[in-house]
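This report concerns only the one structure given below.
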Amino acid sequence: MTTSTPAVSPREFDTDLPAYDRMPQLLTGQVALVTGANSGIGQAVAIAMAQAGADVVVNYVAGSADAVVAAIEKTGRRALAVKADVSQEDEVVAMVAQAVKTFGTLDIMVANAGLQRDSALVDMTMAEWNKVIGVNLTGQFLCAREAAKEFLRRGVRREVSVAAGKIVCMSSVHEVIPWAGHVNYASSKGGIQMMMKSLAQELAPHRIRVNAIGPGAIRTPINTSAWNTPEAYAQLMTLVPYRRIGEPQDIANAAVFLASDMADYINGITLFVDGGMTCYPGFATGG
Ligand code: NAD
């Protein structure tokens with residue numbers, strides 16, 4: 001059956017959001033590292049991991065991580081800020097080594113750092129292509145590799161988790177939805193999907209789980225112009241069947257779940273957290 005009117009009114013610009021409270025204690029005693037954790041999704045994930053009981057390594061590359069560290073310490077967990085560019089091998093190696101030295105080990109890697117450098121194909125420079133692939137794809141490869149070394153060295157810490165380690169890759173709906181004018185970004189996210197699945201296959205016999213999250217449109221600095229006026233918001237909602245923008249906390253909730261033993265039989269998937277954006281909303285009224 002098709003219908004031209006929604007069952008309830010579309011949600012208002014900037015209002016009508018769920019109340020999020022009381023994070024379940026799913027990660028007690030674990031150590032998590034979150035990249036790009038001083039902004040947007042990464043910041044919400046880092047704080048949520050702490051609220052769920054983990055000590056957190058807060059990676060950042062620019063600005064300050066002080067506010068995130070303070071929010072984590074307020075939950076009673078420990079935080080360590082580490083400045084590192086995830087596209088640089090020596091910096092990622094040093095970051096994971098510092099995390100292990102400080103907290104003794106690592107249980108969870110959330111490879112979240114990412115950026116956009118948008119251009120039409122014919123205008124896209126090698127610098128724009130290499131920057132996005134370097135941070136979004138190579139950066140996640142390096143973080144996954146260094147985390148896996150520590151998981152393999154240590155094995156299962158049964159007192160905190162039945163898995164030897166968990167890797168969560170921040171992908172996007174653009175791992176499956178093509179995006180004109182963003183070929184570098186969409187290619188990086190498509191690459192993350194196949195990297196994540198290959199790593200999941202390779203590492204599963206060692207009880208290491210690897211999954212991804214595919215956010216839809218989330219209210220962060222990466223896409224401000226897509227939601228910061230009522231007109232832009234209304235236009236965005238034509239792509240979102242659930243008729244609200246996603247909040248960083250929506251992604252943080254999914255990250256905590258995927259990193260926890262609640263998700264112990266989930267391996268090699270992308271969990272889309274997108275209000276139905278991947279449900280081809282253009283076909284909602286016909287086609
Ligand atoms: P954001 O711009 O708020 O945060 C990105 C973070 O990555 C920042 O902390 C930034 O400093 C960091 N970063 C960039 N380059 C880095 C580098 N070389 N080394 C270390 N850190 C680096 O954007 P966001 O929306 O929070 O994005 C986080 C992730 O979510 C990205 O991978 C992005 O592609 C993905 N994502 C976001 C959306 C969305 O709608 N916001 C949708 C799908 C996917």
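As the structure is a computational prediction, the values presented were derived from the model and not from experiment.
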Worksheet item: Under 4.5 Å between side-chain heavy atoms, hopping through other hydrophobics if needed: is there a path connecting L106 to V93?
Response: no
Worksheet item: What pairs meet the ring-ring contact (aromatic ring centres under 6.0 Å, His included) rule with one or both residues in residues 246-276, with sequence neighbours excluded?
Response: none
Practice prompt. Measure the shortest side-chain to side-chain distance between W227 and M237 over non-hydrogen atoms and say whether it is less than 4.5 angstrom.
Written response: no
Practice prompt. First locate atom CE of M194, then atom CG of L199, and finally report the distance between them rounded to the nearest 0.5 Å.
Written response: 11.5 Å
Fill in: N267 versus A200, closest heavy-atom pair with distance
ND2-O, 3.4 Å
Worksheet item: What about I167 and L137, same hydrophobic cluster or not, with Ile/Leu/Val/Met/Phe/Trp/Tyr joined at side-chain heavy-atom distances under 4.5 Å?
Response: yes
Fill in: Student check: side-chain heavy atoms of S87 and V135 closer than 4.5 Å
yes
Worksheet item: What heavy-atom pair brings V45 and A255 nearest, and what distance separates the two atoms?
Response: CG1-CB, 4.0 Å
Worksheet item: Who are the side chain to side chain contact (heavy atoms under 4.5 Å, CB included) partners of P281, not counting sequence neighbours?
Response: P241
Item to complete: State which residues pass side chain to side chain contact (heavy atoms under 4.5 Å, CB included) with A48; sequence neighbours excluded, sorted by chain then number.
Response: M23, Q51, Q249, A252, V256
Worksheet item: Can you name the side chain to side chain contact (heavy atoms under 4.5 Å, CB included) partners of Q88, sequence neighbours left out?
Response: D85, D90, E91
Discussion item. Under the ring-ring contact (aromatic ring centres under 6.0 Å, His included) definition, can you give me all pairs with a residue in residues 147-175, not counting sequence neighbours?
Written reply: H174-W179
Worksheet entry | Contact check, side chains of I208 and L152, non-hydrogen atoms, under 4.5 Å | yes
Tell me which donor-acceptor pairs under 3.5 Å the side chains of residues 54-66 have, and how far apart each pair is, sequence neighbours excluded?
from	atom 1	to	atom 2	distance (Å)
D55	OD1	R77	NE	3.3
D55	OD1	R77	NH2	3.3
D55	OD1	R78	N	2.9
D55	OD2	R78	NE	3.1
D55	OD2	R78	NH2	2.8
N59	OD1	G36	N	3.0
N59	ND2	V82	O	3.3
N59	ND2	A84	O	3.1
S64	OG	D66	N	2.9
S64	OG	D66	OD2	3.4

Item to complete: Using distance alone, with no hydrogens and no angle criterion, decide if S119 and D123 have a side-chain donor and acceptor under 3.5 Å apart.
Response: no
Response to the item:
Between P248 and I41, the two heavy atoms sitting closest are CB-CA, 4.2 Å
Worksheet item: Between D118 and H182, is there a donor-acceptor pair closer than 3.5 Å when you use the side chain of the first and the backbone of the second?
Response: no
Item to complete: Please examine the side chains of D264 and K166, heavy atoms only from C-beta on, and report whether any two atoms are closer than 4.5 Å.
Response: no
Worksheet entry | side-chain hydrogen bond (donor to acceptor under 3.5 Å, both in side chains): pairs with one or both residues in residues 192-216, sequence neighbours excluded | E175-Q193
Worksheet item: Is there a donor-acceptor pair under 3.5 Å between the side chain of D274 and the backbone N or O of M277?
Response: yes
Practice prompt. Check side-chain hydrogen bond (donor to acceptor under 3.5 Å, both in side chains) between R153 and all other residues, then give those that pass, not counting sequence neighbours.
Written response: E150
Worksheet item: Taking all atoms of both residues into account, what is the closest heavy-atom pair of S172 and K189, and its distance?
Response: CB-CG, 3.7 Å
Worksheet item: Any sub-3.5 Å donor-acceptor pair from S171's side-chain atoms to I192's backbone N or O?
Response: no
Validation: residues 94-102 side-chain donor-acceptor distances under 3.5 Å, sequence neighbours left out:
from	atom 1	to	atom 2	distance (Å)
T102	OG1	Q98	O	2.8

Worksheet item: Are L258 and I218 connected in a single hydrophobic cluster, I mean Ile/Leu/Val/Met/Phe/Trp/Tyr linked by side-chain heavy atoms less than 4.5 Å apart?
Response: yes
Practice prompt. Evaluate the side-chain proximity of I72 to K74: yes if any heavy-atom separation is below 4.5 Å, no if none is.
Written response: no
Practice prompt. Group every Ile, Leu, Val, Met, Phe, Trp and Tyr by side-chain heavy-atom contacts under 4.5 Å, then state whether I213 and M195 land in the same group.
Written response: no
Practice prompt. State which residues pass salt bridge (Lys or Arg N to Asp or Glu O under 4.0 Å) with R145; sequence neighbours excluded, sorted by chain then number.
Written response: E89
Item to complete: Would you check if the side chain of R117 reaches a backbone N or O of M124 as a donor-acceptor pair within less than 3.5 Å?
Response: no
Discussion item. Contact between I177 and T278 at the side-chain level, heavy atoms closer than 4.5 Å - yes or no?
Written reply: yes
Worksheet item: Which heavy atom of A148 sits nearest a heavy atom of L203, and at what distance?
Response: CB-CD1, 4.1 Å
Worksheet entry | Test item: D250 side-chain N/O and E247 main-chain N/O as donor-acceptor pair under 3.5 Å | yes
Worksheet item: So do the side chains of V132 and E128 get within less than 4.5 Å of each other, counting heavy atoms only?
Response: no
Discussion item. Please check this pair: side chain of N112 against backbone of V34, looking for a donor-acceptor N/O pair closer than 3.5 Å.
Written reply: no
Worksheet, complete the sentence: Applying side chain to side chain contact (heavy atoms under 4.5 Å, CB included) to A71 and not counting sequence neighbours gives I47
Fill in: Identified side-chain hydrogen bond (donor to acceptor under 3.5 Å, both in side chains) partner of S161 from the options D107, D261, T28
D261
Worksheet item: About how many Å separate SG of C143 and CG of L33, when rounded to the nearest 0.5 Å?
Response: 7.0 Å
Practice prompt. Check salt bridge (Lys or Arg N to Asp or Glu O under 4.0 Å) between K83 and all other residues, then give those that pass, not counting sequence neighbours.
Written response: none
Worksheet item: Taking atom CG of L236 and atom CG of N228, what is their separation to the nearest 0.5 Å?
Response: 11.0 Å
Discussion item. Would a single hydrophobic cluster contain both I266 and L27, if residues Ile, Leu, Val, Met, Phe, Trp and Tyr are joined by side-chain heavy-atom contacts under 4.5 Å?
Written reply: yes
Item to complete: For Y185 and N136, indicate whether the former's side chain and the latter's backbone hold a donor-acceptor pair under 3.5 Å.
Response: no
Fill in: Closest non-hydrogen atom pair between V86 and A113, with its separation
CG2-CB, 4.0 Å
